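As the structure lists them, so they are numbered: ligands from 1, and atoms in each ligand from 1. Remember, it's a predicted structure, so these values are computed and weren't measured experimentally.
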Amino acid sequence: ALVAEARLVTAYAYAPYSHFNVGAVARLANDKTVSGTNQENASYPVGICAERVLLGSIATLHPHVPVTSIAISYNSEEVKSDHPISPCGMCRQALLEYETRTSKPIRLILSGQEGKVFIVKTASFLLPFAFTKDELI
Ligand code: THU
């Protein structure tokens, strides 16, 4: 269900520059779902990935509620959407911090509009040897 929803919400991405629409949908421990999509900007670096839009919304709408799973999908007029994509480095760092903050692993479900679906048991698997708050506190 989460994958189907992630595929659908790609329609709400704002990606007039890359034409690469990303959708991310989370299921929370309270069984609620929250969606995020990438939001680009004419000043390119201002654009934000779907995953970080999503995490900001979750933190604000449902503070302290752990995230159980996040499905991520994409759609594009220019390239095929027949295989999974995986989060960029900045989003991996953000996902890892969210896991740490809520003390619960986040399961990632990665897919295109069709084809294989990859499941990663915890976002921390995507960022070994990470920089964490342990260095600062
Ligand atoms: N993008 C995401 O939203 N999530 C990812 O995991 C990879 C890339 C966005 C950023 C940009 O708006 C577009 O996809 C092309 O890079």
*Check side chain to side chain donor-acceptor pair (under 3.5 Å) between Arg107 and all other residues, then give those that pass, not counting sequence neighbours.*
Ser69

*asked:* Taking atom CZ as the centre, does Phe131 end up with more than 12 heavy-atom neighbours from other residues, nucleotides or ligands that are less than 6.0 angstrom away?
replied: yes

*Could you tell me whether the side chain of Glu40 and the main chain of Ser18 form a donor-acceptor pair under 3.5 Å?*
yes

*Does the side chain of Val34 come within less than 4.5 Å of His62's, by heavy atoms?*
yes

*For Ser103, which residues count as a side chain to side chain contact (heavy atoms under 4.5 Å, CB included) partner, sequence neighbours excluded?*
none

*Could you name the protein residues that come within less than 4.0 Å of ligand 1, counting only heavy atoms, and order them by chain and residue number?*
Ser18, Phe20, Val22, Asn38, Glu40, Cys49, Ala50, Glu51, Ser86, Pro87, Cys88

_Using a 4.5 Å cut-off between side-chain heavy atoms of Ile, Leu, Val, Met, Phe, Trp and Tyr, which other residues end up in the same hydrophobic cluster as Ile48?_
Val53

